[in-house]
Amino acid sequence: MLDIKFVRAYPEKVQEALKKRGYEINFEAFLDLERERLILLRDIEQKRALRNSVSQEIAQLKKEERLEEIEKLRIQMRQLGEDLAFCEEKLREIEEKVQNFMLLLPNIPHESVPLGKDENENVEVRRWGKPREFDFTPLNHWDIGELLGIIDFERASKIAGSRFAVMRGLGARLERALINFMLDHHIKKGYVEIFPPLLVNKASMTGTGQLPKFEEDLFKTLDPEFYLIPTAEVPLTNLHRDEILSEDDLPIYYVSYTPCFRKEAGSHGKDVRGLVRQHQFNKVELVKFVKPEDSYEELERLTEDAEEILQKLGLPYRVVALCTGDLGFGSAKTYDIEVWLPAQGRYREISSCSNFEDFQARRANIRFRRRGKKGTEFVHTLNGSGLAIGRTLVAILENYQQKDGSVIVPEALKPYLPLDVIK
RNA sequence: GGAGAGGUGGCCGAGUGGCUUAAGGCGGCGGUCUUGAAAACCGCUGUAGGGUUACACCCUACCGGGGGUUCAAAUCCCUCCCUCUCCGCCA
């Protein structure tokens with residue numbers, strides 16, 4: 001959420017910034033509501049002040065047993081109370097409208113974010129590794145997986161449906177090896193491992209920005225009502241919801257392996273085959289809580305931490321800075337890491353690292369107090385995949401495949417999967 | 001699923017209708033003392049919104065959420081949520 005005082009004071013600045021993201025927002029109705037809200041608020045507070053002082057007076061008169069005077073004041077105050085109740089109801093309605101408007105405003109992009117209208121205008125920042133030259137036509141990962149008997153899509157669709165996979169034998173072990181390899185890497189870099197609940201409440205989903213705008217992407221349970229997490233970002237960021245941290249607690253680094261659940265509504269026809277787009281997938285996620293002045297430096301380091309996984313695995317990749325039009329709802333700046341997939345002949349997203357600045361912190365009410373200073377400030381939150389497990393597995397199968405259909409196990413993974421080849 | 005207890009400021013914890021603008025403690029900040037630190041002592045210290053150039057001052061709200069009774073609610077009533085304990089069931 002944006003700072004309402006800022007939006008109120010500089011609506012044209014906010015409008016202009018959001019235009020860069022492709023949002024055309026009219027602030028007139030909002031500004032009218034805000035004006036009305038403040039007038040009403042002042043009126044209500046004055047009435048409350050009057051009631052409070054008269055109540056004090058009544059207490060005093062009661063001691064002196066001046067009953068007729070009390071009765072007179074009571075009648076007046078009953079009248080005021082009814083008036084107040086009416087005004088308060090009206091204020092509630094206005095506040096709800098204002099709140100709904102604010103919750104639907106996306107974050108303002110950082111000044112360093114390239115201008116652009118969609119993913120075609122993202123800017124490549126750097127490349128690592130050289131795509132391997134094949135002396136045969138590389139297979140798709142789903143063909144490799146089926147040939148090796150390590151991924152079973154057919155039975156997955158029988159027991160669950162489309163966009164699910166069964167990992168079998170060495171496929172399951174490879175998945176597990178990748179999880180442990182990534183977790184250990186990040187723990188060494190100073191992240192604290194968390195294993196959180198995979199079902200969360202509505203307040204948590206609102207805190208990180210999935211709700212109210214993206215309800216249709218989420219799986220939900222009935223009775224009792226819970227949401228399945230679409231990413232560990234949700235429980236991790238909400239760990240400190242409604243907390244006031246001390247300056248000495250920061251920065252906080254968390255790493256977490258969790259399954260993630262997404263409806264993938266609106267992606268019909270995209271990536272229908274293979275592991276790239278699933279309703280359930282595993283991911284290792286990084287989340288940081290930092291002081292505002294450090295957040296852009298922390299974004300660079302978080303992105304590097306994710307990149308190092310690909311470097312260790314010897315998988316070629318590139319880093320792109322998302323342009324204003326492709327930026328996620330709550331993000332002020334995002335780097336995507338894209339891994340090379342030889343069968344598709346292109347780079348595909350495997351990680352997305354974002355600085356939310358105080359956007360999530362304001363929604364989730366995550367603050368900190370500076371040593372020796374009065375008052376509180378919102379922390380900055382960041383997160384990034386480090387990495388998506390399924391897509392990493394795809395990249396390994398495709399990049400390390402051999403002519404005979406077997407797949408070489410990358411050196412860095414051998415402590416976790418003590419084999420030379422998967423065959 | 002059944003029975004019971006409880007949710008109060010950064011933390012602990014008192015408070016059952018009006019001198020509560022929430023006692024007291026811990027923590028934090030400042031000071032005295034000290035070569036320095038600790039201890040001791042003294043003072044200050046909740047969050048948010050509005051009025052304001054102003055974290056000076058004034059007002060309002062906030063004691064799990066929502067609603068109600070009342071001139072007045074942390075306190076009484078209703079309702080929902082959450083936590084803990086015991087029993088039952090269970091990986």
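Remember, it's a predicted structure, so these values are computed and weren't measured experimentally. Side chains are part of it too, since the values below use all heavy atoms of this structure and drop only hydrogens, waters and symmetry mates.
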Sort me out a list of protein N/O and nucleotides 51-53 of chain B N/O pairs below 3.5 Å, or just none if empty.
unit_1, atom_1, unit_2, atom_2, d
rG51(B), OP1, R42(A), NH2, 3.4

Please list each protein N or O that sits under 3.5 Å from an N or O in nucleotides 57-62 of chain B, with the distance.
unit_1, atom_1, unit_2, atom_2, d
rU60(B), OP1, N52(A), ND2, 3.1
rU60(B), O2', R48(A), NH1, 3.0

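Defined by atom type and a distance below 3.5 Å, a donor-acceptor pair is missing between the side-chain atoms of T208(A) and E233(A). Between E193(A) and Y257(A), the side chains place no donor N or O within less than 3.5 Å of an acceptor N or O (distance only, hydrogens not considered). Side-chain polar atoms of S55(A) and N52(A) form no donor-acceptor pair below 3.5 angstrom.
To the nearest angstrom, P of rG18(B) lies 18 Å from CD of E57(A). Atom-to-atom, CG of D248(A) to C1' of rC29(B) comes out at 13 Å; the value is rounded to the nearest Å. Between E243(A) atom CD and rC11(B) atom P there is a gap of 8 Å when expressed in whole angstrom units. Straight-line distance from the CD1 atom of I75(A) to the C1' atom of rC71(B): 11 Å, rounded to whole Å.
Using cut-offs of 30° and 60° for the angle between ring planes, the Y191(A) and Y253(A) rings count as tilted.
Both R369(A) and L73(A) lie close to RNA chain B; mapped to their nearest nucleotides by heavy-atom distance, the more 5′-ward contact belongs to R369(A). Summary of the strand contacts: I244(A) and M77(A) both lie near RNA chain B, and taking for each the nucleotide with the nearest heavy atom, the more 5' one is attributed to I244(A).
Considering I389(A), L387(A), T392(A) as possible partners of V284(A), the one that fulfils the side-chain contact (heavy atoms from CB on, under 4.5 Å) test is I389(A).
With a 3.5 Å ceiling on both atom-pair distances, rA39(B) lacks any Watson-Crick or G-U wobble partner. In this structure rC84(B) sits in a base pair with rG4(B), meeting the Watson-Crick or G-U test at under 3.5 Å. With both pairing distances under 3.5 Å, rA72(B) is matched to nothing as a Watson-Crick or G-U wobble pair. Shown here, rU21(B) forms no base pair; nothing in the strands shown gives a Watson-Crick or G-U wobble contact with both key distances under 3.5 Å. With a 3.5 Å ceiling on both atom-pair distances, rA56(B) lacks any Watson-Crick or G-U wobble partner. Base pairing analysis places rU47(B) opposite rA61(B); the two distances defining the Watson-Crick or G-U wobble pair are each below 3.5 Å.
The backbone N or O of E285(A) sits nowhere less than 3.5 Å from a side-chain atom of S256(A) that would complete a donor-acceptor pair.
Less than 6.0 angstrom separates the ring centroid of F30(A) from the ring centroid of F101(A). Between F219(A) and H279(A), the distance from one ring center to the other falls under 6.0 angstrom.
The residue R92(A) sits close only to the backbone: its heavy atoms come under 4.0 Å of sugar-phosphate atoms, none of a base. Heavy atoms of S246(A) sit nowhere under 4.0 angstrom from any nucleic acid atom.
Nucleotides rA22(B) and rA73(B), compared at atom P, are 15 Å apart to the nearest Å. Comparing the P positions of rG9(B) and rU69(B) gives an interatomic distance of 28 Å, to the nearest angstrom.
Around atom CD of E96(A), no more than 12 heavy atoms belonging to other residues, nucleotides or ligands sit under 6.0 Å away.
Note on K5(A): a side-chain N or O is less than 4.0 Å away from OP1 or OP2 of rG50(B).
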